[in-house]
> 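The structure follows.
Read the numbers this way: they start at 1 and go in the same order the structure lists the ligands and their atoms.
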Amino acid sequence: DIKACIFDLDGVIVDTAVYHYKAWKRLANELGFDFTEEQNEQLKGVSRVRSLQLILGWGGVTKTEAEQTELATRKNDWYVDMINQMTPAEILPGALDFLEACRAAGLKTALGSASKNSMTILNKVGIAHLFDTIVDGNHVSAPKPDPEVFLKGAEALGVSPTECVVFEDAIAGVQAAKNGGMKAVGIGSPETLSQADLVVSGLDKMTIEKLKEL
Ligand code: G6P
Ligand code: MG
């Protein structure tokens with residue numbers, strides 16, 4: 001039986017994926033190159049440092065570790081400027097309703113995000129109270145597709161991995177859920193998220209009934 005839902009943040013609850021993309025694109029452009037939206041898919045769910053390394057690789061650019069730290073900080077400063085402007089209006093369609101429906105159905109809820117900025121975002125959009133536990137980039141050492149972030153969430157909720165459903169927009173995130181022995185609902189396109197047990201275009205298309213059928 002499903003006892004808990006674990007939600008990724010960026011691209012599932014809020015559309016911060018767009019802000020990450022804008023900030024990385026700006027950085028790449030300053031370094032003299034660009035990358036495609038298709039390449040951007042590979043950055044979803046991927047840590048800040050690893051994302052930078054992938055982008056530098058695409059541009060054929062080599063940077064020292066100190067330079068990489070500076071570049072990652074520059075990107076994050078732009079990103080933080082954008083998320084500091086966020087309002088509850090930026091919660092993705094259906095996310096609030098589905099979170100509340102889960103809680104009303106007696107299911108536990110957790111956040112499982114690679115982001116170190118997740119508390120800022122949750123507070124800005126006013127939904128931190130809807131999660132029984134929050135596990136993010138400040139608490140984990142192994143990045144998705146390692147299941148650490150979701151396993152820590154399950155542990156904090158006192159449920160077993162097989163009793164959890166993970167909601168993810170990232171290929172690496174869906175893989176992390178499956179690697180952890182959990183059910184995965186992909187948020188996005190079925191072509192991209194083919195490893196998920198179910199794919200919906202957004203949480204507005206998700207119901208407790210569909211959850212029970214997984
Ligand atoms: C999420 C996003 C990634 C982002 C990562 C780290 O997983 O999907 O695009 O790189 O979090 O976010 P942060 O806010 O710590 O840079
Ligand atoms: Mg995401």
Side-chain angles (χ1 to χ4, degrees), residues 5-28 35-58 68-86 90-92 95 99 110-125 127 131 134-150 152-153 165-178 182 184-189 192-193 195-196 199-203 206:
C5 291
I6 307 181
F7 298 87
D8 173 49
L9 178 64
D10 298 300
V12 172
I13 305 278
V14 285
D15 200 7
T16 42
V18 185
Y19 299 142
H20 280 296
Y21 181 43
K22 277 191 188 162
W24 283 128
K25 204 174 162 66
R26 180 172 170 186
L27 190 74
F35 61 90
T36 65
E37 275 196 54
E38 203 178 321
Q39 285 173 308
N40 185 58
E41 283 300 316
Q42 297 174 45
L43 302 180
K44 291 186 176 174
V46 175
S47 76
R48 199 181 306 165
V49 197
R50 183 75 194 121
S51 298
L52 176 66
Q53 289 166 351
L54 285 169
I55 292 165
L56 293 177
W58 296 335
Q68 289 185 27
T69 305
E70 188 276 321
L71 291 170
T73 303
R74 206 191 300 174
K75 180 267 175 180
N76 192 57
D77 289 347
W78 294 328
Y79 179 70
V80 169
D81 281 346
M82 290 189 268
I83 60 174
N84 273 328
Q85 314 289 319
M86 288 182 81
E90 285 173 79
I91 298 172
L92 284 167
L99 271 166
L111 188 84
S113 167
S115 175
K116 293 185 174 168
N117 293 302
S118 71
M119 277 321 297
T120 306
I121 297 166
L122 291 179
N123 288 328
K124 281 282 166 193
V125 303
I127 54 169
F131 297 94
I134 290 169
V135 185
D136 72 11
N138 299 297
H139 313 113
V140 294
S141 47
K144 300 171 187 177
D146 189 287
E148 183 186 10
V149 64
F150 298 138
K152 281 201 167 162
V165 178
V166 169
F167 294 85
E168 260 292 351
D169 70 318
I171 300 166
V174 168
Q175 286 169 344
K178 299 314 293 176
M182 300 175 174
V185 174
I187 306 292
S189 86
T192 309
L193 304 172
Q195 294 178 51
V199 178
V200 290
S201 57
L203 287 177
M206 197 58 208

> Tell me whether ligand 1 is touched by Gly45 - counting only heavy atoms on the residue side and a distance under 4.0 Å.
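Judged by the 4.0 Å heavy-atom criterion, Gly45 does count as contacting ligand 1.
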> Side chains of Leu52 and Trp24: does their closest heavy-atom pair fall under 4.5 Å?
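Answer yes - side chains close enough.
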> Any chance the side chains of Tyr19 and Glu90 put a donor and an acceptor closer than 3.5 Å?
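Side chains of Tyr19 and Glu90: pair found under 3.5 Å.
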> Among Phe35, Tyr79, Trp78, which residue satisfies the ring pair (Phe, Tyr, Trp, His ring centres under 6.0 Å) criterion with Tyr21?
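Per the ring pair (Phe, Tyr, Trp, His ring centres under 6.0 Å) rule, the option paired with Tyr21 is Phe35, out of Phe35, Tyr79, Trp78.
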> May I ask you to identify the nearest protein heavy atom to atom 12 (O) of ligand 1, giving residue, atom name and distance to one decimal place in Å?
Ser115 CA, 3.3 Å
> Between the main-chain N or O of Gln195 and the side-chain N or O of Lys178, is there a donor-acceptor pair closer than 3.5 Å?
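Side chain of Lys178 to backbone of Gln195, a donor-acceptor pair under 3.5 Å: no, none is there.
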> How about the Mg ion (ligand 2), which protein N, O or S atoms come within less than 2.8 Å?
Asp8 OD2, Asp10 O, Asp169 OD1
> Give me the nearest non-hydrogen protein atom to atom 1 (C) of ligand 1 as residue plus atom name, then the distance to 0.1 Å.
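Answer for atom 1 (C) of ligand 1: Asp10 OD2, 3.1 Å.
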> Is there a donor-acceptor contact under 3.5 Å from the side chain of Gln39 to the main chain of Thr36?
yes
> Answer yes or no for Ser51: is there a heavy-atom contact with ligand 1 below 4.0 Å?
yes
> At under 4.0 Å between heavy atoms, which part of Lys116 makes contact with ligand 1: side chain, backbone, both or neither?
both
> Distance only, no hydrogens: is a donor on one side chain within 3.5 Å (strictly under) of an acceptor on the other, for Thr192 and Ser189?
yes
> Please report whether ligand 1 has a polar contact with Lys44, defined as an N or O pair separated by less than 3.5 Å (distance criterion only).
no
> Considering all heavy atoms of both residues, which atom of Asp146 and which atom of Glu148 are nearest to each other, and what is their separation?
OD1-N, 2.9 Å
> Which residue owns the protein heavy atom closest to atom 16 (O) of ligand 1, what's the atom, and how far is it?
Arg48 NE, 2.8 Å
> For ligand 1, is any non-hydrogen atom under 4.0 Å from Val46's backbone (N, CA, C, O), its side chain (CB onward), both, or neither?
backbone
> Lys144 to ligand 1: N or O pair under 3.5 Å?
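For ligand 1, there is no N or O atom that lies under 3.5 Å from one belonging to Lys144.
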> Under 4.0 Å from ligand 1, counting heavy atoms only, is it the side chain of Leu43, its backbone, both or neither?
backbone
> I'd like to know if Asp8 pairs up with Lys144 as an ion pair, taking the criterion as any Lys NZ or Arg NE/NH1/NH2 lying under 4.0 Å from an Asp or Glu carboxylate oxygen.
yes
> Please state whether the rings of Phe7 and Phe131 are parallel, tilted or perpendicular, taking 30° and 60° as the class boundaries.
perpendicular
> Do you see a donor-acceptor pair shorter than 3.5 Å between the side chains of Lys44 and His20?
no
> For the side chain of Ser113 and the backbone of Asp136, is there at least one donor-acceptor N/O pair under 3.5 Å apart?
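No.
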> Is Asn117 close to ligand 1, meaning an N/O of one under 3.5 Å from an N/O of the other?
yes
